[in-house]
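We use all heavy atoms of the structure for the numbers below, so side chains are in, but hydrogens, waters and symmetry mates are not. Just so it is clear: chains get the letters A, B, ... in the order the sequence lines come, proteins before strands, and each one is counted from 1.
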Amino acid sequence: MRTYTEAAPQHVGETIEVKGWVQTRRDHGGLIFIDIRDHTGILQLVIHPETEAAFHLAEQVRDEYVIKAVGKVAERDEHLRNPNIATGGVELHLETLDVLNKSDVPPIQINSDQNLSEELRLKYRYIDLRRPKMQQMLQKRAQYYSWMRTYLEEREFTEVTTPILANSSPEGARDFLIPSRIHQGKFYALPQAPQQFKQLLMVGGIHRYYQLAACFRDEDPRADRLYGEFYQLDLEMSFVEDGEEVRSMMDPLIKDLSVSFAHKTLLSEDIPRIPYQEAMDRFGSDKPDLRFGMELVDLSDTLQDTEFGVFKSVLAGGGKVKAICVKGASSLSRSQIDKFTDIAKSEGAGGLAYITYEAGEAKSPIAKFFTPEQLAAIRTTMGAEDGDVVFFGSDKRETVNKVLGRLRNEFATHFNLKDPNVIALAWIVDFPFYEWDDKANKLDFGHNPFSMPKGGAEALESDDKLSILADQYDMVMNGYEICSGGVRNHNPEIMYKVFGVLGYDQAYVDSRFGAMINAFKFGAPPHAGCAFGVDRMFMVFMDEENIREIVAFPKNGSGVDVMMNSPTIVEPAQLKELGVKL
RNA sequence: GGGCUCGUAGUGAAGCGGUUAUCACGCCUCCCUGUCACGGAGGAGAUCGCCGGUUCGAUCCCGGUCGGGCCCGCCA
């Protein structure tokens with residue numbers, strides 16, 4: 001009878017057959033033990049010299065050989081049990097042994113707790129995947145997908161797959177282009193997201209749509225961003241005019257995944273909705289980690305009359321002086337503070353002023369520039385106690401927020417304020433529709449040109465284009481953006497206007513988004529939706545800080561698949577067929 | 001495109017202007033009948049990423065280059 005190793009204890013006294021890999025072999029000369037591993041776990045095989053053929057073969061077996069073992073399951077004597085493995089109470093006394101395949105000495109040791117370089121693990125991913133951790137990860141991921149599918153299907157969402165060979169998107173990330181053989185000189189592009197298709201599904205009368213969609217973007221990767229391809233839980237709902245309908249639809253799923261699937265604790269049952277500007281002002285980020293406080297405090301009024309030159313000139317120029325209070329930071333060494341100063345500078349700060357509170361005193365090179373009243377006011381406003389350090393930022397509003405937001409995050413990491421067992425969720429809402437592009441020195445879309453401006457066509461007439469808000473929302477989980485969505489603009493007239501603000505005429509819009517605009521002329525229902533970055537969310541659930549850890553076959557940081565050796569040079573014949581001149 | 005950082009046996013680490021380049025795991029041979037990351041004895045295995053410079057002498061210092069990682073830019 002064929003069985004899995006984990007089931008062995010249920011078959012004491014029976015003869016069973018197990019197949020798997022050799023985890024380790026312990027040869028005692030006159031007695032050999034082999035730990036056999038399959039996808040369920042490990043089982044100890046005992047090979048006695050009396051079973052001559054099996055014993056002889058067992059002497060030659062090496063790690064990672066693939067074997068088939070037949071024998072009788074026996075209870076182990078009390079003193080021979082191994083509490084460290086699930087099947088440690090039994091063992092299999094071999095009758096026959098077959099080697100189904102040999103293995104070279106593996107380049108990475110999978111049964112060791114030695115650090116392994118990621119490079120090597122990716123090159124030999126098929127061996128790396130045999131490790132229990134990776135096995136569990138892939139199992140868990142499948143459950144995760146299934147969990148989401150079940151939730152959506154119970155709520156009238158229909159799964160529809162959309163084309164992978166699609167069109168180049170003129171805005172946004174770089175495309176992966178696919179040359180057309182039939183139409184030489186023309187190209188498909190892999191979709192950056194199924195955005196236009198899902199909106200067309202709404203026009204097509206699909207009530208609610210979802211898809212675990214592959215998305216492709218040719219942008220440089222990060223620890224939380226895969227190169228090339230990633231998956232979104234993409235969804236859209238028709239006849240929705242208020243984004244709150246989408247958000248409240250998704251809240252229970254994400255909370256349930258956090259608690260029941262990932263076994264974590266929610267920071268709060270209620271998921272706050274935080275306007276973009278408020279998030280920037282309080283946390284210095286549009287993806288704030290809410291597991292800790294350390295909020296940015298505006299001291300501009302408190303220090304209105306300061307004689308401290310740096311602050312004085314910033315305030316006179318309409319900028320802001322803000323600060324964060326870092327609990328217990330007086331323990332930081334000079335060189336540690338220098339490191340944080342470098343970080344502040346890398347975000348555009350001129351320096352990093354701070355006040356240390358110790359033994360009731362405010363110690364700081366800049367303390368002498370403040371009146372006792374100002375010093376007292378700073379301390380009270382910041383809630384600083386002995387042992388704390390208040391770090392200042394002074395610049396124009398956006399820069400101060402960015403600098404202190406980054407520091408808030410770095411300090412939280414340094415002082416271990418990010419509890420991995422807690423999930424803090426928030427929706428960031430009311431993103432600015434337009435942003436000022438400093439480099440190009442012109443107005444540009446803040447986020448997504450397809451979302452509805454809040455207030456509709458009328459709002460677009462505003463003189464202050466930067467004050468126009470988009471009906472758009474991101475979900476944030478522990479400092480990661482895990483979802484982005486919006487109420488879509490389904491009205492061709494408003495669509496033309498949205499682009500018109502940036503100086504694009506109707507012909508331009510038609511040439512870029514003709515299919516979608518045209519569709520909107522034939523009775524497009526109002527609709528709204530969103531897309532979750534399922535890889536990134538899963539990474540948080542699995543306590544990983546590198547997104548490649550939760551993907552079976554990721555590309556490395558240079559966009560290379562070091563196992564398959566892609567990208568690669570192709571045969572001239574293939575290029576010729578595509579019309580490429582050699 | 002830019003910044004920081006790493007590169008030493010198969011693997012993970014240590015080291016240092018002059019060493020026989022150290023340790024652990026793994027590997028090979030032999031011994032071993034109750035181990036479980038078995039144990040014991042012995043052994044093989046490294047042009048110290050690559051190129052150039054400084055020096056009497058470079059794995060070590062300097063410059064460049066290649067490769068990995070993290071970050072900025074970028075990611076509608």
Going by distance alone, is a donor N or O of one side chain under 3.5 Å from an acceptor N or O of the other, for A:Thr399 and A:Arg397? no
Would you say the side chains of A:Tyr496 and A:Asp510 form a donor-acceptor pair under 3.5 Å? yes
Selection from B:rG69, B:rG34, B:rC74 that lies nearest to any side-chain heavy atom of A:Ser558: B:rG69
Are OP1 or OP2 of B:rC38 and a side-chain N or O of A:Arg26 less than 4.0 angstrom apart? yes
Is there a Watson-Crick or G-U wobble partner for B:rC4 with both distances under 3.5 Å, and which nucleotide is it? B:rG69
B:rA46 to B:rG26 separation - C1' atoms, rounded to the nearest Å: 16 Å
Closest of B:rC74, B:rC36, B:rC70 to the A:Arg222 side chain is B:rC74
Are side-chain N/O atoms of A:Lys418 and A:Asn409 paired as donor and acceptor at under 3.5 Å? yes
Would you indicate what A:Glu91 reaches in the nucleic acid, counting non-hydrogen atoms under 4.0 angstrom: base, sugar-phosphate, or nothing? base
Across all chains, not counting sequence neighbours, the side-chain contact (heavy atoms from CB on, under 4.5 Å) partners of A:Pro9 are A:Thr87, A:Val90
Under 4.0 angstrom between A:Thr24 side-chain N/O and B:rC38 OP1 or OP2: yes
Strictly by Watson-Crick or wobble contacts shorter than 3.5 Å, is anything paired with B:rU59, and which nucleotide is it? none
For B:rC25, give the paired nucleotide (Watson-Crick: N1-N3 plus N6-O4 or O6-N4; G-U: N1-O2 and O6-N3; both under 3.5 Å), or none. B:rG10
Report the residues that fulfil ring-ring contact (aromatic ring centres under 6.0 Å, His included) with A:His56, sequence neighbours left out, ordered by chain and then residue number. none
Please determine if a side-chain N or O atom of A:Asn546 lies less than 4.0 Å away from the OP1 or OP2 oxygen of B:rC70. yes
Gap in Å between the two C1' atoms, one belonging to B:rC61 and one to B:rG18, rounded: 15 Å
I'd like a list of close polar pairs between nucleotides 30-33 of chain B and the protein, N/O only, cut-off under 3.5 Å.
{"residue": "B:rC32", "atom": "N3", "partner": "A:Asp27", "partner atom": "O", "Å": "3.0"}
{"residue": "B:rC32", "atom": "N3", "partner": "A:Gly29", "partner atom": "N", "Å": "3.4"}
{"residue": "B:rC32", "atom": "N4", "partner": "A:Asp27", "partner atom": "O", "Å": "3.3"}
{"residue": "B:rU33", "atom": "OP2", "partner": "A:His28", "partner atom": "O", "Å": "3.3"}
{"residue": "B:rU33", "atom": "OP2", "partner": "A:Gly30", "partner atom": "N", "Å": "2.8"}

Is a donor-acceptor contact shorter than 3.5 angstrom present between the side chain of A:Arg25 and the base of B:rC36? no
Pairwise P distance, B:rG73 and B:rU54 [rounded to whole Å]: 42 Å
Using the P atom as the point on both nucleotides, what is the distance between B:rG1 and B:rU65, in whole Å? 12 Å
The residue among A:His490, A:Met495, A:Gln472 that forms side chain to side chain contact (heavy atoms under 4.5 Å, CB included) with A:Met452 is A:His490
Which pairs would a plain distance check flag for residues 211-221 of chain A, meaning a side-chain donor or acceptor within less than 3.5 Å of a matching protein atom at least two apart in sequence or in another chain?
{"residue": "A:Gln211", "atom": "OE1", "partner": "A:Thr162", "partner atom": "N", "Å": "3.3"}
{"residue": "A:Gln211", "atom": "NE2", "partner": "A:Val160", "partner atom": "O", "Å": "3.4"}
{"residue": "A:Gln211", "atom": "NE2", "partner": "A:Thr162", "partner atom": "OG1", "Å": "3.1"}
{"residue": "A:Gln211", "atom": "NE2", "partner": "A:Tyr209", "partner atom": "OH", "Å": "2.8"}
{"residue": "A:Arg217", "atom": "NE", "partner": "A:Gln192", "partner atom": "O", "Å": "3.2"}
{"residue": "A:Arg217", "atom": "NH2", "partner": "A:Gln192", "partner atom": "O", "Å": "3.2"}
{"residue": "A:Asp218", "atom": "OD1", "partner": "A:Tyr227", "partner atom": "OH", "Å": "2.7"}
{"residue": "A:Glu219", "atom": "OE1", "partner": "A:Arg174", "partner atom": "NH1", "Å": "2.7"}
{"residue": "A:Glu219", "atom": "OE2", "partner": "A:Arg174", "partner atom": "N", "Å": "2.9"}
{"residue": "A:Glu219", "atom": "OE2", "partner": "A:Arg174", "partner atom": "NH1", "Å": "3.4"}

B:rU55 and B:rC62, which share atom name C1', separated by this distance in whole Å: 12 Å
Nearest-Å distance once atom P is located in both B:rC16 and B:rC6: 15 Å
Distance, P atom - from B:rG3 to B:rA9, rounded to whole angstrom: 28 Å
Classify the side chain of A:Arg217 and the base of B:rC74 as holding, or not holding, a donor-acceptor pair under 3.5 Å. no
Could you please name the partner base of B:rC38, counting Watson-Crick and G-U wobble pairs only when both distances are under 3.5 Å? none
Check RNA chain B against residues 116-130 of chain A and give the residues with a non-hydrogen atom under 4.0 Å, in numerical order. A:Leu116, A:Ser117, A:Glu118, A:Glu119, A:Leu120
Hey, are A:Ser451 and A:Asp471 close enough side-chain-wise for a donor-acceptor pair under 3.5 Å? no
Below 4.0 angstrom, which residues in residues 78-90 of chain A have at least one non-hydrogen atom near RNA chain B? A:Leu80, A:Arg81, A:Asn82
Going by atom types alone, do A:His527 and A:Gln199 pair a side-chain donor with an acceptor below 3.5 Å? yes
Measuring only the P atom in each nucleotide, how far is B:rU59 from B:rG53? A whole number of Å is fine. 13 Å
Could you check whether A:Lys72 pairs with A:Glu95 (Lys NZ or Arg NE/NH1/NH2 to Asp/Glu carboxylate O, under 4.0 Å)? no
Regarding B:rG34, can its base be found pairing with the side chain of A:Asp77 as donor and acceptor, where the two atoms are less than 3.5 Å apart? no
